[in-house]
Amino acid sequence: MTNEPGTPIGRRVFLGLVGVGAVGVATGSTISNWWQQLAKRDPTGLSAVFPGGGGWRYYTVTGDYPKRPTADYRLKVHGLVDTPLTLTYDELVALPPTRLDRDFQCVTGWRVLGVKWQGVRLSDLLDRAGVQPHARALRLTSFDGAYTESLTMEQARRKDVMVAYQLDRKPISSDHGGPVRLYVAPMYGYKSVKWLDGIEVVDKVIPGYWEERGYSIDAWVGRSNGRNDETT
Amino acid sequence: MKQPDPAVRVARFTKVERIAHWVNAVLFTITMATGAMFYFGFGQSLLSDRALVRAVHVYSGLGILVAFAVAVGPRWGRSLRRDLSRINRWSSDDVRWFRSRGRDDTVRLGKFNPGQKLNAVFVGAAAIVLGFTGSIMYWNQAFGTDTRTGADFVHQWFGWLIWITVFGHIVLAFRDFESFRGMTRGTVSTAWAAQHRPRWYAEEHSSTTEDAELADA
């Protein structure tokens, strides 16, 4: 085959690199955690030049990051409730706050470690509106006009599910889904509706935007979307 | 060795190899550009449809592997397969060239210098790695969270590295224009071949019948 004498170094390098890739897939989760923590504490800022240092990826299903000034913002809690609510941004922020210091895990693999969330517990809002006995689930809507999500009543009442208005101690920006978004800590990111403007109490689960496109309705991290392993 | 005739040119890459290279270049450009949009996070706002950018990235990326298979597999891929075999093998001259970082002028190189060999091997391996990690990311339902995170991490690193190597490849191609011409017109001057790739030049002269056959391929 070859006209040139010599050692098959090309093949060795090739197989070595493919091996590095395979080992990287197996260990990348650990390495990327370690690398992200290093990048967070890096005083030189040099780590920002290299990939994998964490950081957000900003998704939108409409091709646009809708902007709504806090003065114009309204959150509706309606459906099977005793008193439908329409909260302004100021009213929401004035409610007793809850804080979570938790990771944000996307179903496609990327994750941001130790995000500081502040908001109002979703169950507090439901209690204020008064959920009727035959209610079973929530349908959540976004003011982007397209995105929807669902939660069972049991999931919605968890302590680690909140209507968030602060991310890392700052008001949530438009690309992060601000001024108000959902944060469902134990589930993949697609549950955490951005630009949240409606919480409708309904009598059965209505699959949301991605769920109509094949994603699991119960989006537990590590226990859904094709797998059942340890929760991160 | 007698003085090379400047009017005579040496066939370096066949038409099949050149078409394969430029198809590859176009697909790489599309894949890398769309990949960068995700990497820097502006693809979503710059282009209205994120799903479209993603589809373009995935299918142009897979297209790289398909186009390569089509170029190398059939009968017409003979010259390309022969070059791959050259890229694989390192002569003792290659090792010396590499150790002296190209400065040892007693070295007699074959068709490719070791830098070109490493570049080709890296880009090939990276295409495979990016292909399988990208597939895990795209068809993520079949994989656990840690595997997805690992695939994403590896994909980012190899994507970043391939930007650097492709950029280097383009810069070096423009710095050695005769070599670049080998990939556009398919031929190089005898002077270039004799000076920069003496072992290959000698080889071509000793096997003229095979050359003619290759040039027709």
Side-chain angles (χ1 to χ4, degrees), chain A residues 1-18 20-33 35 50-52 55-65 105-111 175 188 214-216 221-223 225-232, chain B residues 38-39 41 44-45 47-52 81-82 84-95 110-111 114 117-118 120-122 124-126 128-130 132-133 136-138 140-161 199-200 203 207:
Chain A
M1 190 66 194
T2 177
N3 293 2
E4 226 172 87
T7 339
I9 289 180
R11 183 163 55 212
R12 289 176 201 165
V13 174
F14 181 87
L15 294 174
L17 283 165
V18 172
V20 165
V23 171
V25 171
T27 59
S29 176
T30 315
I31 298 172
S32 92
N33 278 2
W35 178 246
F50 298 102
W56 292 86
R57 292 178 211 176
Y58 305 107
Y59 291 179
T60 167
V61 298
T62 59
D64 191 28
Y65 302 101
Q105 171 78 51
C106 178
V107 69
T108 60
W110 62 273
R111 106 175 29 133
D175 47 6
Y188 286 118
Y215 283 20
S216 297
V221 172
R223 280 191 283 135
N225 290 284
R227 282 291 291 231
N228 297 291
D229 43 21
E230 281 301 297
T231 308
T232 48
Chain B
F38 290 119
Y39 185 84
Q44 301 94 316
S45 52
L47 282 154
S48 61
D49 198 341
R50 185 176 184 282
L52 180 71
R81 288 197 295 273
R82 197 153 158 255
L84 286 178
S85 152
R86 287 174 158 130
I87 284 163
N88 178 24
R89 298 274 168 183
W90 283 49
S91 66
S92 54
D93 281 55
D94 286 336
V95 176
K111 187 167 183 178
K117 292 182 179 184
L118 280 181
V121 165
F122 176 79
I128 298 288
V129 170
L130 288 162
F132 77 69
T133 53
I136 293 172
M137 291 157 79
Y138 195 70
N140 57 45
Q141 300 282 309
F143 304 94
T145 311
D146 281 346
T147 307
R148 296 175 203 181
T149 306
D152 185 279
F153 186 71
V154 171
H155 202 83
Q156 280 191 60
W157 268 98
F158 272 82
W160 186 84
L161 289 168
R199 196 182 292 276
W200 170 62
E203 182 192 311
S207 57

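The structure displayed is predicted, hence computed values, not measured ones. Just so it is clear: chains get the letters A, B, ... in the order the sequence lines come, proteins before strands, and each one is counted from 1.
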Interface moiety of Leu118(B) toward chain A, non-hydrogen atoms closer than 4.5 Å: side chain

Per-residue contact mode, Tyr138(B) against chain A (heavy atom under 4.5 angstrom): neither

Top contributor to chain B interface from Ala22(A), Cys106(A), Gly21(A), Ala26(A) [non-hydrogen pairs under 4.5 Å]: Gly21(A)

Interface residue of largest heavy-atom contact number with chain B, from Gly28(A), Pro8(A), Gly24(A), under 4.5 Å: Pro8(A)

Proximity breakdown for Leu161(B) and chain A, heavy-atom pairs closer than 4.5 Å: neither

Minimum heavy-atom distance Val25(A)-Ile136(B), with the two atoms named: CG1-CD1, 4.0 Å

Separation of Asp146(B) CG from Arg111(A) CZ (nearest 0.5 Å): 5.5 Å

Contact summary for Phe153(B) and Ser32(A), nearest pair of heavy atoms: CD1-CB, 3.2 Å

Which portion of Ile128(B) sits near chain A, non-hydrogen atoms under 4.5 angstrom: side chain

Reference residue Phe14(A); test side-chain contact (heavy atoms from CB on, under 4.5 Å); the match among Val121(B), Ile87(B), Asn88(B): Val121(B)

